[in-house]
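The structure appears below as structure tokens.
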Amino acid sequence: FHYYNTTMKFSTIAVFAAVLGSANGFAINKPTAMARGISTTGLKMSTEVEVSTKEALQVAANEARGLAMDSIAAAHSGHMGLPLGCGEIGAVLYGSQMSYNPKDTEWVNRDRFILSAGHGSMFLYSWLNLAGYDLPIDELKNFRQHHSQTPGHPEFPNSEHSTPGIECTTGPLGAGVANAVGHAASAKMAAAKYNTEEHTIFDHHIYVLAGDGCFQEGVSAEAACFAAHEGLDNLVVLYDSNEVTLDKMAEYTQSEDIMKRYDAYGWETFEIDGHDLDTVEATIAAAKASKNGKPKFIKCNTIIGKGMEETEGTNAAHGEAGVPYVDKAKVNIGLPEGEQWYVSEGTREFFDGVQAKNKAVYDAWQDTYAAWKEANPDMAKELEDAVADNVPAAEDMIADIPETGAEAAEATRVSGIFAINEVSKRVPNYVSGSADLHGSTRNYIADGGNFGVGFDKSYAGKNLYFGIREHAMGAILNGFGYHGIFKASGSTFAVFVDYFRPTIRVASLAELNRVSYILTHDSIGVGEDGPTHQPVETVSGLRVFPNLDVYRPADAEETVAAYVSSVTRKEGPTALILSRQNLDQNTAVPAMERRAGALKGAYVAKKEEGDLDVIIIATGSEVQHALKAAEDIPGARVVSMPCMEAYERQTEEYKESVLPSTCTKRIAMEAGVSGLWYKYASKVVGVDRFGMSAPGDIVMKELGMTPENLSAKIAEM
């Protein structure tokens with residue numbers, strides 16, 4: 001195995017508890033009397049003995065349990081079950097098997113650990129502290145408190161939190177498994193793109209710890225299928241199988257053989273005693289070494305709440321029900337009585353050794369990188385720009401991209417073909433994929449190749465085929481964003497966004513600007529497919545997410561600006577809402593003016609010819625109707641507002657120039673629900689009902705999306 005040949009000093013009671021604990025082996029839900037009945041009478045806490053590294057790992061596992069117990073007890077809030085049940089898994093990962101450098105948390109070739117079961121966050125915070133990350137004990141004491149670095153669920157560094165060592169905001173259960181698949185796909189892509197025969201820059205692994213709830217959620221199943229199909233053998237999933245869910249024992253709601261399920265997907269599977277250090281060590285090492293084209297699934301049989309005899313092995317151990325028993329439990333596992341947030345000198349010394357070992361690996365990699373950079377300066381610049389998220393400024397990019405030259409009416413999804421390929425030329429780390437709809441969403445990157453294994457695919461491909469797995473697509477895109485090298489977009493019909501809405505929410509919360517969504521067939525204009533496929537509430541439903549920009553462009557030039565904005569903004573993700581039906585081109589306004597105006601979220605698409613009397617605000621396919629309605633109204637100004645969020649970020653001076661406060665006679669038009677538009681207008685022509693099955697132009701006419709109806713509504717004002 002990979003234990004270090006070193007000795008450390010620990011208290012005798014801790015060693016006895018560690019040795020007895022590791023000797024006990026595994027028992028489902030019920031620890032043996034031997035584990036519960038350790039006698040500490042007569043032992044002197046100051047006595048120190050030299051112990052093997054294996055015993056050091058067991059002591060560290062128990063001290064990590066103690067940190068979690070003390071923090072949850074102090075907060076009177078949290079989840080003890082996983083941190084106590086997975087101590088040995090954490091010890092092996094952070095104390096032996098993972099390659100990382102806590103002094104350089106953004107090292108691109110570090111192994112990544114993702115906690116899909118995010119409620120067990122004190123597991124992660126405890127191990128980050130022990131492993132030497134800049135997460136001091138005081139932050140553990142401040143668990144779940146305002147402005148702490150230890151929020152209730154782990155959060156990827158953003159404007160609210162900058163906790164080192166957190167690789168994902170996983171959010172709801174199961175999403176972390178799919179995020180890990182995204183990490184693994186991104187790592188494979190990076191290796192294919194940047195490794196050379198002479199130098200290996202990327203060869204790291206992705207580890208994810210997940211529980212029963214994660215595997216009951218469908219998103220993990222979707223992502224697992226994708227991972228196996230594309231041969232992501234750099235991914236190791238550790239299943240904390242403790243036979244418990246929150247309400248009941250797991251058998252109350254599940255009876256499947258999960259090992260057979262993952263075998264059927266095409267994973268390499270293992271089943272082990274999750275408390276046996278030898279077995280955990282050997283199995284993770286074997287999983288890392290196996291390059292057979294199969295992701296790894298390790299079922300770790302564990303005891304939830306291990307060490308707290310009053311709750312262990314039951315669903316009561318899941319949350320904070322064990323708080324009253326913390327002091328007793330800590331003594332039972334060998335921690336000094338009466339001490340809180342205790343970490344022994346031996347454990348600190350042990351992890352000093354781990355850091356030294358990892359630093360040697362890190363330094364050797366730096367030497368390799370320097371040689372690779374010297375041999376491949378252009379490739380190195382591209383990689384360093386990708387990691388630093390250096391892209392041309394939006395204003396420069398829209399000026400550099402040639403005008404589309406579009407004059408005939410054209411669907412904005414079709415306009416997107418030009419836009420995405422021009423963006424890809426200028427942002428080489430931009431990749432895109434689709435949930436089985438490339439032919440309709442039109443976001444294929446020409447000459448980019450296809451990602452994966454088999455057929456015409458390779459890991460260097462820029463086009464991802466997610467299959468009909470929208471939820472997994474959203475979570476995998478987030479994984480790409482978290483991994484920190486590529487910018488990734490994914491496409492489907494707008495109405496299907498509800499299948500992966502949770503992943504958009506988390507991307508927005510995590511401020512993942514590397515992620516964008518291409519959502520076509522944007523309204524009742526979809527037509528014959530009927531109301532099941534005609535979004536009316538969808539676009540407004542996306543606009544209410546904080547940090548998410550929602551662009552609904554009105555023509556080809558606005559579409560270019562929307563794509564450019566999606567790869568240049570820094571504050572969060574972007575959703576591009578594109579039409580199925582053809583839209584007129586507003587050629588009365590120069591192309592570059594339309595692009596510049598769209599970047600600002602709103603601009604004057606037609607200036608009034610006389611005194612300003614009425615402002616018509618529209619977006620997407622309704623701008624053409626607004627322009628036609630304004631032809632007979634000399635005092636009418638038309639404002640195209642492709643992105644409310646971008647408009648709201650402009651200066652007050654600019655906003656006043658577009659929507660002057662002196663003109664309160666305003667009307668807005670969109671082929672969707674009307675509610676949000678009342679912020680800008682006193683009257684709204686919208687669609688506050690579901691659509692109907694008929695040709696798109698008929699549906700539009702029947703539901704009032706015409707210039708004639710708009711003119712009539714203006715006349716009523």
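We use all heavy atoms of the structure for the numbers below, so side chains are in, but hydrogens, waters and symmetry mates are not.
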Short side-chain donor-acceptor distance under 3.5 Å, [Y] and [X]:
| X | Y | answer |
| --- | --- | --- |
| Trp365 | Ser99 | no |
| Thr314 | Thr311 | no |
| Asp111 | His204 | no |
| Lys299 | Thr269 | no |
| Thr279 | Asp273 | no |
| Glu155 | Thr163 | no |
| Thr245 | Asp212 | no |
| Asn109 | Asp203 | yes |

Exam field: side chain [X] to backbone [Y], donor-acceptor pair closer than 3.5 Å:
| X | Y | value |
| --- | --- | --- |
| Arg112 | His183 | no |
| Glu63 | Ser344 | yes |
| His79 | His119 | yes |
| Thr200 | Phe202 | no |
| Trp341 | Ile137 | no |
| His161 | Gln149 | no |
| Ser71 | Leu67 | yes |
| Thr150 | Glu139 | yes |

Test side chain to side chain contact (heavy atoms under 4.5 Å, CB included) on Ile304 and Lys306; report intermediate values, then the result. CA-CA 5 Å; Ile304 190 171; Lys306 181 175 171 62; over 6 Å; no
Any ion pair linking [Y] and [X] (charged N to carboxylate O, less than 4.0 Å)?
| X | Y | value |
| --- | --- | --- |
| Arg65 | Glu88 | yes |
| Lys328 | Glu310 | yes |
| Asp70 | Lys330 | yes |
| Glu268 | Lys296 | yes |
| Glu281 | Lys54 | no |

Are Phe270 and Tyr239 near enough that their ring centres are under 6.0 Å apart? no
With Glu256 via side chain to side chain contact (heavy atoms under 4.5 Å, CB included) - residues at least two apart: Ile258, Arg261
Sequence neighbours left out, what passes side chain to side chain contact (heavy atoms under 4.5 Å, CB included) with Asp352? Give chain and number order. Gln355
With rounding to the nearest 0.5 angstrom, report the [atom1] to [atom2] distance, [X] to [Y].
| X | Y | atom1 | atom2 | answer |
| --- | --- | --- | --- | --- |
| Ile485 | Arg514 | CD1 | CZ | 8.0 Å |
| Asn358 | Ser96 | CG | OG | 9.5 Å |
| Ser508 | Asn158 | OG | CG | 12.0 Å |
| Leu173 | Phe215 | CG | CZ | 10.5 Å |
| Asp498 | Ile504 | CG | CD1 | 9.0 Å |
| Thr283 | Ile272 | OG1 | CD1 | 4.0 Å |

Within-4.5 Å side-chain heavy-atom neighbours: [X] and [Y]:
| X | Y | value |
| --- | --- | --- |
| Met122 | Met80 | no |
| Val108 | His483 | no |
| Phe113 | Glu167 | no |

When you look at [atom1] of [X], are more than 12 heavy atoms from neighbouring residues, nucleotides or ligands closer to it than 6.0 Å?
| X | atom1 | result |
| --- | --- | --- |
| Glu160 | CD | no |
| Tyr499 | OH | no |
| Lys260 | NZ | no |
| Arg505 | CZ | no |

Taking side chain to side chain donor-acceptor pair (under 3.5 Å) as the cut-off, I'd like each qualifying pair that reaches into residues 120-129, sequence neighbours left out, listed once. Asn129-Arg348
Could you name each residue pair satisfying side chain to side chain donor-acceptor pair (under 3.5 Å) that touches residues 213-233, not counting sequence neighbours? Lys188-Asp233, Gln216-Thr253, Gln216-Gln254, Glu230-Lys457
List for me each residue that meets salt bridge (charged side-chain N to carboxylate O under 4.0 Å, His left out) alongside [X], sequence neighbours excluded, and say none if there are none.
| X | result |
| --- | --- |
| Arg469 | none |
| Glu106 | none |
| Arg144 | none |
| Lys294 | none |

List, one per line, each side-chain donor-acceptor pair under 3.5 Å for residues 317-326, sequence neighbours excluded.
none

Sequence neighbours excluded, the answer for ring pair (Phe, Tyr, Trp, His ring centres under 6.0 Å) partners of Tyr100 is Tyr94, Tyr133
Over all atoms of both residues, closest heavy-atom pair of Val219 and Ala175: CG1-N, 3.8 Å
Where Gly266 and Pro295 come nearest, the two heavy atoms and their spacing: O-CD, 4.3 Å
Residue pairs passing the salt bridge (Lys or Arg N to Asp or Glu O under 4.0 Å) test where at least one lies in residues 90-99, sequence neighbours excluded: none
Please tabulate, for side-chain N and O atoms in residues 473-482, each donor-acceptor pair with protein atoms closer than 3.5 Å (sequence neighbours left out).
residue	atom	partner	partner atom	Å
Asn478	ND2	Thr503	O	3.0
Tyr482	OH	Thr169	N	3.4
Tyr482	OH	Thr169	O	2.7

Apply side chain to side chain contact (heavy atoms under 4.5 Å, CB included) to the pair Leu128 and Ile166, showing each step before the final yes or no. CA-CA 9 Å; Leu128 291 175; Ile166 305 299; 3.8 Å; yes
Using side chain to side chain contact (heavy atoms under 4.5 Å, CB included), reason through Asp263 and Trp267 one step at a time and then give a plain yes or no. CA-CA 5 Å; Asp263 281 335; Trp267 288 56; 6.0 Å; no
The test is side chain to side chain contact (heavy atoms under 4.5 Å, CB included); show your working for Leu130 and Phe350 and say whether it passes. CA-CA 10 Å; Leu130 294 178; Phe350 172 75; over 6 Å; no
